[in-house]
Each structure stands twice: as structure tokens, then as C-alpha cells.
Amino acid sequence: MASSPFPSPPGGFAPAPVPLNGRKYEMWLLVFATLVTTISLILVEVGQDQALSWDLAKYAAAFLTLYAIAHAVVRWLAPYADPLFLPIIALLNGLGLVLIHRLDLSDAQAAQFQGQPAPNPDANQQVLWTALGIVVFALVLFFLRDHRVLARYGYTLGLIGLVLLVIPAVLPARFSEVNGGRNWIRFSGFSVQPGEFAKILLIIFVAAFLVSKRDLFTRAGRHIFGLDVPRARDLAPLVVSAVIAIGVLVLNKDLGFALLIFVTILVMIYIATERVSWLLIGLALFFAGCVLAYYLFAHFAERVHVWLDPFATYNTTGYQIAQALFGFATGGVAGTGLGSGRPGTVPFAKTDFIMATVGEELGLIGLAAVILLFTVFVFRGLRTALLVRDSFGKLLAAGLSFTIAIQLFVVVGGVMKLIPLTGITTPFVSYGGSSLLANYALVAILMRISDEARRPALAKRTTPAPTPIADAQTQMLRRP
């Protein structure tokens with residue numbers, strides 16, 4: 001037998017070197033995010049002719065401490081997770097804190113001009129919500145040691161998600177309605193938006209359902225008009241859940257979340273089946289639903305009219321979007337500079353329209369930079385979906401990544417009058433506790449999947465093959 005041109009050394013080849021986990025790069029990127037946040041806070045104070053105070057040091061110290069804790073948690077619980085996830089959300093969260101602080105100064109000036117006491121700064125509350133978000137992030141990583149466990153409870157989590165969507169619909173308006181939309185739970189000063197958490201639970205359910213029924217979606221069923229349609233009994237749980245979720249959101253006048261959930265589910269079905277027919281069916285249902293909603297719901301028709309011509313109703317319903325467009329025009333390419341614009345003239349500038357503040361004070365360059373950060377986050381999430389080995393992890397990572405992308409498109413498109421306004425907040429940037437907590441939980445799940453995908457396989461010990469007896473050397477053995 002001819003000898004191999006690459007003979008194995010005695011004891012076999014050494015195991016491949018373990019790849020770097022990237023935690024060092026994550027640490028330095030977090031330091032960079034802290035520096036950018038601190039410098040931006042100083043620029044806001046200078047732009048508003050404010051004296052530098054200890055509040056800035058307080059915000060910077062709190063920001064650095066919180067993300068140092070998050071970094072330590074990732075080193076401990078998910079050492080091989082993608083090193084870009086945490087720095088990206090830190091930079092976005094820091095930018096949100098800067099803009100909220102800037103709008104706090106604007107609110108204080110407006111109150112002083114009207115002879116009223118200055119309102120409590122929302123930036124302090126945002127720091128508190130960030131701290132709670134880091135706690136949720138750490139708890140999810142601690143208790144969720146294997147993302148595949150979620151697949152076992154997919155139906156249960158989906159049911160809980162539907163219940164969370166239904167609760168605001170059955171509560172009296174005084175406990176659930178804010179700005180015309182019934183999507184909150186409010187009791188004695190405490191408020192939470194359950195749809196933010198329901199979104200994640202429904203994505204987990206859809207991923208678990210599609211993995212368990214994938215063959216039925218691609219093989220079983222009927223061939224109608226060139227499209228492969230699964231059997232009704234196989235499709236029923238998904239259809240019923242989607243109809244209930246979207247129906248409740250429409251009745252609650254929360255059209256933005258309805259669009260978000262519908263598109264996310266449609267994208268996940270396409271990823272699972274690789275059938276363009278599902279996209280065609282989904283688009284047909286989407287346009288049919290838009291036409292139906294236009295004629296059935298007055299608030300939807302009003303938003304369409306405002307979208308078509310906001311200046312026709314400038315003094316009433318069109319004022320918000322018109323002011324946002326004025327802000328974008330004022331900002332131009334480079335922006336007016338942090339603290340030098342007038343973003344406070346836009347209603348709900350801290351929540352739904354915080355991207356208008358970005359466009360006015362940071363300009364097209366700053367707005368493009370923020371969108372680029374989200375793009376990198378989504379790209380790394382989809383890369384995680386490609387790398388992970390199990391089908392459930394692939395669908396879940398893709399669904400969580402796409403929901404961020406879709407949410408950003410809906411937010412920016414609404415603020416810039418590309419699509420009708422929906423009222424969804426910008427992830428990690430807008431003011432609000434429910435959105436921040438839910439999105440930190442989303443990132444924790446994504447990092448758990450990434451840790452599994454990037455974790456090197458354990459090197460197996462190779463034992464040398466036994467030497468043939470004919471080739472064994474003679475040994476001297478002592479008599480016992």
C-alpha cells in the first residue's frame with residue numbers, strides 16, 4: 001500500500017487554534033461609544049449656551065458603568081457572541097440619551113418663556129430605563145443558556161403574546177388609550193406597552209411553527225394557479241394567530257405594529273419555504289387590507305390624507321409631519337449642530353419623531369450614519385442566522401433581525417413622508433421604557449444565538465492507531 005504524501009505525525013495533528021472571540025474589540029468599541037456620547041453631551045451644552053454641570057458627568061459615568069457591566073456579562077455568559085452587537089446598541093442608546101437631554105433643555109426654555117416651572121428631565125428617566133434594560137439583557141443571557149429551548153414552548157409563548165395584545169383592547173379607555181391609540185396598560189402612574197414584548201413572543205412562535213411544519217409548507221397541499229398552498233389544517237394555527245394579532249392591533253388603532261408583525265411573519269415564511277409565491281400572496285393581502293382599512297377606519301383614512309398633503313391641514317392633523325419636514329430642510333446636509341436647531345417645535349419629538357431631531361441637528365450625514373448603524377446591526381444578525389446550525393435558530397435570528405429593519409423603515413419612512421405615519425418609536429433611540437426593555441431582550445436572544453453559532457467545535461482527541469503486531473518492536477519484560 002503506497003504511503004500517504006502527507007503522513008500523520010506521531011499522536012496525530014494538533015487541534016486547530018481556537019478563533020478569537022472578539023471581546024477585546026467589543027471593549028474598545030464601547031469606550032469609543034462612551035466618548036462619542038460624552039462629547040455630544042458637551043456640544044449640546046455649548047450649543048445651548050449652558051454652563052457645564054455635573055449632570056453631564058453623571059450621564060457619562062452612568063453610561064460607562066452600565067455598558068461595562070453589560071460587557072462583563074457578555075464575557076461571562078456569551079463569550080463568542082458577535083462583538084459588534086453591544087457597541088452598536090450602546091452608540092444608538094447614547095445618541096438617544098443626547099437627543100433626549102437636548103429636548104429637555106428645549107422644554108425647559110419653553111416653560112421659562114411661558115412663566116411655568118421646568119418639567120422633570122426625561123434624560124434621567126431614560127438612564128433608569130437603560131439600567132433596567134441592561135438587567136433584562138443579563139437575565140435573558142443567564143436563564144437562556146440554549147436558544148433551542150424556546151422552540152419547546154413556541155405555542156405557549158405565542159399564546160402569551162396574543163394575550164398581551166388583547167389586554168389593552170378589553171381595558172377601559174382611561175387605562176389603555178394614549179394619543180388616540182389603545183395599546184397601553186396604565187395604572188396609577190405606571191404604564192407599559194405590551195405590544196413591544198408580544199412582538200418577540202410571536203416571532204418565537206412563528207419560528208417554532210415553521211420549523212415543525214416546514215415539510216408541509218413545501219410539499220403537502222394543493223397546487224392552485226401555479227402556487228403551492230398548504231392544507232388548511234396545517235396552516236390554521238399560523239393564520240389564526242396572525243389574524244387575531246393584526247385584528248386586535250387594527251381595532252386598537254395601532255396600525256404600525258400591525259404592519260410590523262405582518263411583514264415580519266411574511267419574511268419568515270419566505271425564508272422557511274424559499275417560495276416566491278408566499279411573497280406574492282402576502283403582498284396581495286397587504287394591498288387588499290390597506291384598501292379595506294381605508295374605507296373602514298376613519299383614523300387610517302385621515303393618516304393617508306395627511307401623508308398625501310400635510311400642508312393642507314397644517315394647523316391641525318398635518319402640523320406634526322409638516323414641522324418635521326421643515327426640520328429636515330433646515331438641517332440640510334451637515335445639520336445645524338447639536339443644540340443649535342429647534343427640534344422642540346415638532347410634537348412628540350422624543351418618541352415618534354426623534355429621527356426628525358437627528359435630521360435637523362445632524363443633517364443628512366448624521367441621519368445616514370444612524371441608518372448605517374442599524375444596517376450593520378441587521379447585517380450581523382442575518383450573518384448569525386447563516387452561521388447557526390439549527391433551523392430554529394436560523395429562523396429566529398432572521399426574524400429578530402428583520403423586525404428591526406422593518407421597524408426602522410416604517411419609522412424613517414413615516415417621518416420623511418415616504419409612507420403614511422404609523423407612530424412606532426425608533427429602537428434604542430426614542431424615549432420610552434417598554435421599547436427599550438423589549439429591544440434589550442431581543443438583543444440578548446440574538447447574542448445567545450450568535451454565541452452558539454460562533455462557538456468553536458470541541459477538538460476531538462485523536463488516538464494513534466494500534467501498531468500491527470508484525471511491525472511492533474521487541475521488548476524485554478521482567479518476570480513477575
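Fair warning: this is a prediction, and the values are worked out from it, not measured in the lab.
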Less than 4.5 Å apart, any side-chain heavy atom of [X] and any of [Y]?
{"X": "Leu132", "Y": "Leu436", "result": "no"}
{"X": "Lys394", "Y": "Val211", "result": "no"}
{"X": "Tyr294", "Y": "His305", "result": "yes"}
{"X": "Ser40", "Y": "Thr37", "result": "no"}
{"X": "Ile89", "Y": "Tyr440", "result": "yes"}
{"X": "Thr130", "Y": "Leu97", "result": "no"}
{"X": "Thr34", "Y": "Tyr67", "result": "no"}
{"X": "Leu103", "Y": "Pro343", "result": "yes"}

Test side-chain contact (heavy atoms from CB on, under 4.5 Å) applied to Leu30 and Leu86, step by step: CA-CA 8 Å; Leu30 287 174; Leu86 194 59; 3.9 Å; yes

Using atom types as modelled and distance alone, determine if a side-chain donor or acceptor of [X] lies under 3.5 Å from a backbone N or O of [Y].
{"X": "Glu360", "Y": "Arg342", "value": "yes"}
{"X": "Gln125", "Y": "Gly433", "value": "no"}
{"X": "Trp307", "Y": "Lys417", "value": "yes"}
{"X": "Thr384", "Y": "Ser450", "value": "no"}

Listed partners of Lys350 passing salt bridge (charged side-chain N to carboxylate O under 4.0 Å, His left out), at least two apart: Asp104, Asp107, Asp122

Applying salt bridge (charged side-chain N to carboxylate O under 4.0 Å, His left out) to Arg380 and not counting sequence neighbours gives Asp82

Pairs under 3.5 angstrom only: tabulate donor-acceptor contacts from the side chains of residues 402-416 to other protein residues two or more places apart or in another chain.
unit_1	atom_1	unit_2	atom_2	d
Gln407	OE1	Lys199	NZ	3.2
Gln407	NE2	Thr425	O	3.0

Give the C-alpha distance, both sets of side-chain angles, the deciding distance and a yes or no for side-chain contact (heavy atoms from CB on, under 4.5 Å) between Ile203 and Thr264. CA-CA 8 Å; Ile203 290 174; Thr264 302; 4.0 Å; yes

Could you go through the side chain to side chain donor-acceptor pair (under 3.5 Å) check for Glu45 and His101 one step at a time? CA-CA 9 Å; Glu45 296 294 318; His101 174 63; 2.5 Å; yes

To check you understand the geometry: which heavy-atom pair defines the closest contact between [X] and [Y], and what is its length?
{"X": "Pro310", "Y": "Ala322", "value": "CB-N, 4.5 Å"}
{"X": "Leu201", "Y": "Leu157", "value": "CB-O, 3.4 Å"}
{"X": "Ala356", "Y": "Ala324", "value": "CB-CB, 3.9 Å"}
{"X": "Leu382", "Y": "Ala398", "value": "CD2-CA, 4.1 Å"}
{"X": "Glu196", "Y": "Ser434", "value": "CB-O, 3.9 Å"}
{"X": "Ala60", "Y": "Thr38", "value": "CB-OG1, 3.4 Å"}

Kindly compute the distance separating [atom1] ([X]) from [atom2] ([Y]), expressed to the nearest 0.5 Å.
{"X": "Leu396", "Y": "Ser391", "atom1": "CG", "atom2": "OG", "value": "12.0 Å"}
{"X": "Phe392", "Y": "Arg152", "atom1": "CZ", "atom2": "CZ", "value": "11.0 Å"}
{"X": "Leu84", "Y": "Phe379", "atom1": "CG", "atom2": "CZ", "value": "10.0 Å"}
{"X": "Phe197", "Y": "Asn439", "atom1": "CZ", "atom2": "CG", "value": "9.0 Å"}
{"X": "Ile185", "Y": "Gln193", "atom1": "CD1", "atom2": "CD", "value": "10.0 Å"}
{"X": "Leu210", "Y": "Ile271", "atom1": "CG", "atom2": "CD1", "value": "9.5 Å"}

Between Tyr59 and Phe63, does the ring centroid distance fall short of 6.0 Å? no

Listed pairs under 3.5 Å, donor-acceptor, residues 361-376 side chains, sequence neighbours left out:
unit_1	atom_1	unit_2	atom_2	d
Glu361	OE1	Arg102	NE	3.4
Glu361	OE1	Gly339	N	2.9
Glu361	OE2	Arg102	NE	2.6
Glu361	OE2	Arg102	NH2	3.3
Glu361	OE2	Gly341	N	3.0
Thr375	OG1	Ile371	O	2.8

Determine, stepwise, if the pair Thr313 / Glu302 fulfils side-chain contact (heavy atoms from CB on, under 4.5 Å). CA-CA 10 Å; Thr313 56; Glu302 179 180 337; over 6 Å; no

Restricting to ring pair (Phe, Tyr, Trp, His ring centres under 6.0 Å), what partner residues turn up for His147, sequence neighbours left out? none

Just to verify, what does Phe326 make a ring pair (Phe, Tyr, Trp, His ring centres under 6.0 Å) with, not counting sequence neighbours? Phe311

Around atom [atom1] of [X], are there more than 12 heavy atoms of other residues, nucleotides or ligands at under 6.0 Å?
{"X": "Tyr153", "atom1": "OH", "answer": "no"}
{"X": "Tyr314", "atom1": "OH", "answer": "yes"}
{"X": "Gln112", "atom1": "CD", "answer": "no"}

Worked verdict on Asp352 versus Ser430 for side-chain contact (heavy atoms from CB on, under 4.5 Å): CA-CA 7 Å; Asp352 300 356; Ser430 297; over 6 Å; no

